[in-house]
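Structure record follows, encoded as structure tokens.
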Amino acid sequence: MITLRMPDKETKRLYLRGLEEEDVCDIYEYCKLSKVTKFLNYTPHIDVDDTLYILKSSYLPYTEMEEPQVWCMVEKEVEKVIGHIYFHDFRQHCAQIAYVLHPNFWGKGYVTEALTELLHIGFSQLELHKVFAYVAVENIKSICVLERFGFHKLQILKKAEKLSDGLYHDIVEFVILKEEWRK
């Protein structure tokens, strides 16, 4: 039996732990920013109550949705949630990954640290065979992160996703198989 509660982990600079309702203020701090939601399919959060509603409806009831728990990325030095990372669309030994990070921490390897642990848990404990990621073609930084991990492009989905700007964007579908990840 696969447990959907994600184990707590520690990296060089991060504590990775399950998201809790008490994280709402930290999460609002980055989800309210348009530069964070630019490549996401939701608009910036309006206020803390908006963030709390999203947490309660989409992230916290993970067991009811039969999804693995969302991890918070807690930066050790500032002792604050700086992002979150998770599997979703979890089925048949496959899952999609997603991550969101406060822009003050972009380009510093935090997603790489967290994604290393997430993929390890996914392939070794959640018994995943395949992991997908969907990224707007304009999101070059995220594409580079995925390619460094060995994800490869399957296809470009034309005008597939309506992003926070209200327009439909081309989306790149990436995949990595368990045996590719091991390399």
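The first residue of the sequence shown is numbered 1, and numbering continues consecutively from there. All heavy atoms count here, side chains included; hydrogens, waters and symmetry mates do not.
In this structure, the side chain of Glu79 does not engage the main chain of Val74 through any donor-acceptor pair within 3.5 Å. In this structure a side-chain-to-backbone donor-acceptor pair under 3.5 Å is missing from Asp89 to Ala95. Looking at Lys178, its side chain does come within 3.5 Å of a backbone N or O of Phe123 through a donor-acceptor pair. Checked by atom type and distance alone, the side chain of Trp71 never pairs as donor or acceptor with a backbone atom of Gly83 at under 3.5 Å. Listed for the His169 side chain is no donor-acceptor partner under 3.5 Å among the backbone atoms of Val137.
In this structure, the side chains of Tyr99 and Leu118 stay at 4.5 Å or more apart for every pair of heavy atoms. Two residues are said to be in side-chain contact when any heavy atoms from C-beta on lie closer than 4.5 Å; His84 and Asp26 fail this criterion. Proximity of Asn41 to Lys162: side-chain heavy atoms (C-beta onward) are nowhere separated by under 4.5 Å. A heavy-atom distance below 4.5 Å is found between the side chains of Ile143 and Phe174.
Scanning both residues, Val172 and Lys153, for their nearest heavy atoms gives CG1-CG, 3.6 Å. Nearest heavy-atom pair across Phe149 and Leu119 is CD2-CD1, 3.7 Å. Taking each heavy atom of Val131 and Phe151 in turn, the nearest pair found is O-CE2, 3.5 Å. Nearest heavy atom pair, residue Arg148 against residue Thr112, reads NH2-OG1, 3.8 Å. The heavy-atom pair separating Ile82 from Leu101 by the smallest distance is O-CD1, 3.3 Å. The two residues Pro44 and Asp50 come nearest to each other via the heavy atoms O-OD2, 4.4 Å.
The aromatic rings of His102 and Tyr30 lie perpendicular to each other, with more than 60° between the two planes, well past the 30° mark.
Heavy atoms from other residues, nucleotides or ligands lying under 6.0 Å from OH of Tyr53 number 12 at most. The environment of Gln92 atom CD is sparse: at most 12 non-hydrogen atoms of other residues, nucleotides or ligands sit within 6.0 angstrom.
Note on Glu10 versus Lys76: salt bridge recorded, some NZ/NE/NH1/NH2 to OD/OE distance being below 4.0 Å.
Scanning for ring pair (Phe, Tyr, Trp, His ring centres under 6.0 Å) contacts around His152 gives an empty result, with sequence neighbours left out.
With rounding to the nearest 0.5 angstrom, the OH atom of Tyr15 is 11.0 Å from the CG atom of Asp8. One distance of note links CG of Leu163 with CG of Asp165; it measures 6.0 Å at 0.5 Å rounding. Residue Leu33 holds its CG atom at 10.5 Å from NE2 of His45, rounded to the nearest 0.5 Å. With values rounded to the nearest 0.5 angstrom, Lys38 atom NZ is found 11.5 Å from Leu40 atom CG. Thr63 contributes atom OG1, which lies 9.0 Å from atom CD of Gln69 (distance to the nearest 0.5 angstrom). Separating the OG1 atom in Thr11 from the CG atom in Leu115 is a distance of 12.0 Å, to the nearest 0.5 Å.
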Going through the distances and angles, do Phe105 and Glu75 end up as a side chain to side chain contact (heavy atoms under 4.5 Å, CB included)?
CA-CA 9 Å; Phe105 300 91; Glu75 210 283 339; 3.9 Å; yes
Passes side chain to side chain contact (heavy atoms under 4.5 Å, CB included), Met65 versus Phe90? Steps please.
CA-CA 9 Å; Met65 298 183 316; Phe90 189 74; over 6 Å; no
Before you tell me yes or no, could you show the steps for Glu127 and His93 under side chain to side chain contact (heavy atoms under 4.5 Å, CB included), namely the whole-Å CA-CA distance, both residues' side-chain angles and the distance that decides it to 0.1 Å?
CA-CA 6 Å; Glu127 302 173 8; His93 303 287; 4.1 Å; yes
For Thr43 and Thr37: C-alpha separation, side-chain torsions, deciding distance, then whether side chain to side chain contact (heavy atoms under 4.5 Å, CB included) applies.
CA-CA 6 Å; Thr43 57; Thr37 63; 5.6 Å; no
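When the options Met6, Lys9, Met73 are evaluated for a side-chain contact (heavy atoms from CB on, under 4.5 Å) with Glu117, the one that passes is Lys9.
Residue Leu19 is grouped with residue Val24 when hydrophobic side chains (ILVMFWY) are merged at heavy-atom distances under 4.5 angstrom, including chains of intermediate members.
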